[in-house]
Amino acid sequence: MSVTVLVGGQWGDEGKGKVIDLLADSVNMVIRSQGGNNAGHTVVTGGKEHRFHLIPSGILYPETLCVIGHGVVVDPKAFLLELDELQSGGIPARNLVISERAHMVMPYHPVLDQLGEEMRGDDRLGTTWRGIGPAYEDKVRRIGFRIGDLQKPAFLEKKLRFVLRLKNESLTRLYNAEPFNEKEILDEYLGYAERIDPYIRDIYPLIQDALNDGKKILLEGAQGVMLDIDLGTYPYVTSSSPTAGGACTGSGIPPSRITRTVGVFKAYTTRVGYGPFPTELTDALGDQLREVGAEYGTTTGRARRVGWFDAAVSRYAVATNGIDAMVLTKVDVLDEFETLKICTGYLSKGEYWDHPMANISHLKHVEPIYEEFPGWMSPTRECRRYEDLPAACRTYIERVGELCGASVNVVSVGPDREHTLVRTPLLD
Ligand code: IMP
């Protein structure tokens, strides 16, 4: 039996999809435990690109059971669209189940997401407008709808009558927007119910059996530690817990059964949306990094903010998640930079910080302390073993591990599977 948790160690978009794909065919089960279709995982296999938002990337392997856990918020429309795309691309997706406890994104959630952002004005968060925050708000407020409710039309109707009164009140009175119609929502969601029904399960016995039968399980994280609702740069965060702890609550797997935690980090840093970013590069060097790294969002197409590798952030991710092994992705993007920098900590009001502080207005103004490295100035994409990498590149990678307090076991130098250099295997 082994349970591996995979988390993003920065602000998301670290290249987790690729790592999950690498591991998915050697595990029996892949579970997504938080987030929704705000996430975007790109997997390239055999030169073909697959984009996933809700469905675990393990779906490409028919023998691997893919579970959407109850910590996820599922937009049924987006789910069915993704399913259709997979099926029309020849992937039947029979190996997929959704927890009946997973909450649903309702049609008013994306609208409220967008209106809420507009109302915040200059203080907006830069959300994905997918309704993720409002769906989690309703879950906590105990007025959310769960996937299992699709199988109870009378309950759905009665509850919707009450909930829609609250929603329409905010929409019309607070935002001066159009109200939603109860019957239209019911018809739409009961229409989805027919197609989603075969996938809905009580995942508790499935997961317990897998644990007790000694199966190999992979918990697939979305977003990253710095977007965590508690540990991240609040309020510039997502509304779930993209951490190892969140993986447990979002799946029902107890912490004592976790065998290892793998953290995925980009060889530099990116962030989408607003909020503090101490090592951000807003100059020509930043533009070069964005262009070479093709740093545009999978979900929204937005240009990502880019900057140097921040070991203060990554060390915090390693420590708060118990990361045993690091994967460093997109190392090849740094191939043509003459000088590279790694931030080792911050100075704030004359005080040294080895981790990001909670006070985001202080974090916004910290002075990063940098170590400089000579670039390797040669292509790494054709390297197939870690030892083939230029010495300066290995020095950079090893220093990253040292500063973060975990070893870099896997390095990625390109999008395809063959561009993955394994120093120490992530699974036994
Ligand atoms: P939300 O998750 O749509 O509410 O957005 C909140 C913040 O999280 C915004 O800054 C988003 O850009 C960011 N975010 C959400 N999902 C992802 C992701 O998959 N990758 C990177 N950033 C994300």
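One-based numbering, in listed order, for ligands and for the atoms of each.
No part of R271 comes within 4.0 Å of ligand 1, judged by heavy-atom distances. If you look at D113 next to ligand 1, there are no close heavy atoms at all, none under 4.0 Å. Of the heavy atoms in L227, only side-chain atoms (C-beta onward) come closer than 4.0 Å to ligand 1.
Under 3.5 Å, the side chains of D21 and Y61 contain a donor-acceptor pair of N or O atoms.
I31 places a side-chain heavy atom less than 4.5 Å from the side chain of I217.
Remark: distances from the non-hydrogen atoms of S239 to ligand 1 are all 4.0 Å or more. Ligand 1 has R302 within reach: a non-hydrogen atom of the residue lies less than 4.0 Å from it. Ligand 1 has at least one atom lying under 4.0 Å from a heavy atom of Q223. Assignment of W11 to the shell around ligand 1 is supported, since a heavy atom sits closer than 4.0 Å.
Across all non-hydrogen atoms, the minimal contact from P278 to W11 is CD-CH2, 4.3 Å.
Checking G36, G273, G126 against atom 9 (C) of ligand 1, the nearest heavy atom belongs to G126.
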Distance-only check: which donor-acceptor pairs under 3.5 Å involve side-chain atoms of residues 143-150, not counting sequence neighbours?
unit_1 : atom_1 : unit_2 : atom_2 : d
D149   : OD1    : K152   : NZ     : 3.3
D149   : OD2    : R146   : N      : 2.8

Which pairs of donor and acceptor atoms, one on a side chain in residues 100-111, lie under 3.5 Å apart (sequence neighbours left out)?
unit_1 : atom_1 : unit_2 : atom_2 : d
R101   : NH1    : D202   : OD1    : 3.4
H109   : ND1    : M106   : N      : 2.8
H109   : NE2    : D138   : OD2    : 2.8

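Of all the atoms in ligand 1, the ones that sit under 4.0 Å from a non-hydrogen atom of L125 are 10 (O).
Between F265 and F309, the ring planes are tilted. Angles from 30° to 60° get that label.
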